[in-house]
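Basis for what follows: all heavy atoms, side chains included, without hydrogens, waters or symmetry-related copies.
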Amino acid sequence: MSSRRQYQREFVRTFFTSPTAVEGDDSAKMLRSASQLRGMQAPDAWIPDNEDATAPSMREEGVENIVEVVSEHGEEFPGEIHPRIVWHRDDPSTRYEGFQQMLRIADPEAGAVEHVDGFVIPEVGDIDDWKKADEFFTIIESEHGLEEGSLSMSVIVESGAAELALGDLREEMGNPSNNLERLFMLVDGEVDYTKDMRAMTPTGELPAWPELRHNTSRGASAAGLIAVDGPYDDIRNVEGYHARMEENRAKGMIGIWSLTPGQVVEANEGPLPPETERWLLDVGGSEVELDDVEGGQAYDGTELGLEELDEGMYRLEEGGEIHELDEEQLRERLVEMVSYVPSMDDIVDSMAEFEAAKEAGRGAIAMTQSATLVVDGIEVEISTDRMWDEATYQAAGTPIALFRDVHEHRPDQHDELKERYGPEVVERALDLDV
């Protein structure tokens with residue numbers, strides 16, 4: 001099968017869940033509030049959650065609330081809408097209950113389905129279980145006169161069986177006996193996965209499960225789907241949330257579950273290309289961001305010291321170790337320690353320069369980044385070279401492709417993107433051939 005994506009969105013940054021029914025006079029108030037989110041506070045995928053986020057006794061009312069709120073506000077909501085229904089690989093009655101929930105939500109006479117992009121299926125098992133869910137989708141579409149395949153299916157990978165099924169996807173999606181081409185997102189559910197694996201930690205906290213995240217991202221890439229990480233429930237730990245997202249992006253997993261509008265903002269902005277460039281210095285195994293000062297990029301810390309000696313020699317102290325180096329040796333050592341994080345403007349410049357070189361018949365060019373590094377008041381001129389070829393260009397194009405995908409599908413964020421980068425940079429990014 002082709003790994004080409006079946007849906008318009010190539011990237012999903014945010015997977016935001018809302019309870020479908022809560023206690024009180026207005027049981028749909030959480031849904032109603034989520035439906036009003038706009039701009040960076042609005043997720044790429046909104047998940048009215050009629051499973052874990054909603055008490056079992058209120059799920060019937062939750063279905064009614066989904067229909068009511070999505071019918072009223074779905075047209076104006078800027079992201080996609082994918083209700084999460086109940087399902088379980090080992091329980092036929094739960095699967096039938098989920099089928100009934102989808103059947104009611106997808107009824108055209110109820111008015112919600114025209115704004116519903118698909119459904120999220122939790123607690124799936126092996127690939128045959130995925131096919132059972134797909135068959136229910138096909139029946140619902142036939143029952144309601146909907147176009148076959150018009151409802152996408154996203155699954156939550158929260159069992160060992162579901163993780164193993166990721167390896168079967170590419171082959172199974174091409175079989176004419178099912179409609180698994182309707183698959184859209186693969187979402188990790190680390191909490192139930194931990195339970196299914198019978199894993200334990202001394203503190204009771206969740207394991208990080210980097211293998212699961214890698215396997216889900218790899219399965220999504222092979223099958224032309226979108227990978228999303230599970231919830232980060234320490235909602236006040238913004239730094240930890242950022243670190244998790246950065247680690248995920250290095251695996252190709254752009255999306256992450258968001259539990260609050262605040263997390264939505266962080267997850268929407270996190271994958272976007274940086275607004276400004278940064279220089280980082282590796283000191284003692286940790287990367288420290290250098291301060292952008294008038295004289296250059298300054299290190300303000302105690303783990304690195306520099307002193308100028310006589311006759312062009314320098315004393316460099318790194319974590320208690322002292323080295324006496326001449327000017328060239330010092331420059332070489334500092335170049336080894338620094339790294340450069342390009343801004344959106346820099347990425348666009350480099351890509352445009354490579355496109356021009358390619359048109360001129362050159363297959364590879366060197367890109368140079370230079371800076372003045374300031375340590376203990378001593379200035380050292382450094383520069384780094386990177387060879388750009390077609391593969392480098394394509395890899396560098398991923399953040400630009402993300403930006404363009406956001407720009408195309410989230411017009412409610414246009415003003416914030418222009419404010420972040422400036423109108424000229426936005427236009428130049430849109431003009432690239434990525």
Side-chain angles (χ1 to χ4, degrees), residues 1 4-9 12 15 17 20 45-51 59 62-63 66-67 70-71 74 79-159 161-162 165-166 168-187 189 219-220 223-228:
M1 63 155 285
R4 181 181 60 84
R5 302 194 189 280
Q6 302 294 322
Y7 298 97
Q8 290 185 335
R9 291 304 304 252
V12 167
F15 181 97
T17 52
T20 60
W46 173 37
I47 319 299
D49 188 350
N50 208 45
E51 197 220 12
R59 287 174 183 161
V63 171
I66 292 172
V67 170
V70 173
S71 297
E80 296 201 356
I81 303 175
H82 298 256
R84 177 188 184 186
I85 53 87
V86 297
W87 187 270
H88 202 282
R89 57 194 173 276
D90 296 327
D91 189 348
S93 63
T94 302
R95 295 197 295 270
Y96 181 73
E97 181 184 351
F99 168 67
Q100 292 294 325
Q101 290 178 2
M102 289 192 290
L103 193 65
R104 289 164 57 191
I105 295 169
D107 185 351
E109 293 187 4
V113 71
E114 60 184 299
H115 311 303
V116 170
D117 296 278
F119 291 96
V120 175
I121 310 297
E123 297 283 7
V124 292
D126 61 21
I127 197 68
D128 286 339
D129 191 50
W130 299 36
K131 293 178 183 179
K132 292 174 187 173
D134 163 61
E135 183 69 14
F136 280 160
F137 276 76
T138 302
I139 292 171
I140 289 166
E141 289 166 343
S142 176
E143 179 74 16
H144 289 315
L146 304 174
E147 181 182 354
E148 189 172 292
S150 60
L151 294 172
S152 72
M153 181 171 86
S154 300
V155 301
I156 304 183
V157 180
E158 43 194 342
S159 68
L166 295 171
D168 300 324
L169 274 186
R170 184 176 174 86
E171 180 178 351
E172 290 291 343
M173 286 175 68
N175 289 338
S177 59
N178 62 60
N179 286 318
L180 285 178
E181 291 92 343
R182 72 170 73 250
L183 281 166
F184 178 49
M185 294 181 289
L186 304 178
V187 185
L225 307 176
I226 288 174
V228 177

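- Between D126 and D168, every side-chain heavy-atom pair lies at or beyond the 4.5 Å cut-off.
- A donor atom on one side chain and an acceptor atom on the other are found under 3.5 Å apart for D129 and W87.
- Atom CH2 of residue W46 and atom CG of residue D117 lie 11.5 Å apart, to the nearest 0.5 angstrom.
- Contacts of E123 classified as side-chain hydrogen bond (donor to acceptor under 3.5 Å, both in side chains), with partners at least two apart in sequence or in another chain: R89.
- Put simply, the residue from E147, E148, E141 that forms a salt bridge (charged side-chain N to carboxylate O under 4.0 Å, His left out) with R182 is E141.
- How far CD of E172 is from CD of E181: 11.0 Å, rounded to the nearest 0.5 Å.
- Between atom CZ of residue F15 and atom CD1 of residue I226 there is a gap of 11.5 Å, rounded to the nearest 0.5 Å.
- For the pair L169/L225, a side-chain contact is recorded, criterion being any heavy-atom separation below 4.5 Å from C-beta on.
- A distance of 13.0 Å separates CE of M153 from CZ of F184, quoted to the nearest 0.5 Å.
- In this structure the side chain of M102 reaches within 4.5 angstrom of the side chain of I121, judged on heavy atoms.
- A donor-acceptor pair under 3.5 Å links the side-chain atoms of N50 to the main chain of R59, judged by distance alone.
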> Are V67 and R104 close enough, and set up right, to give a side-chain contact (heavy atoms from CB on, under 4.5 Å), and what steps lead you there?
Replying inline: CA-CA 8 Å; V67 170; R104 289 164 57 191; 5.6 Å; no
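- Considering OG1 of T138 and NZ of K131, their distance stands at 12.5 Å, rounded to 0.5 Å.
- In this structure, the separation between CG on L166 and CH2 on W130 is 5.0 Å, given to the nearest 0.5 Å.
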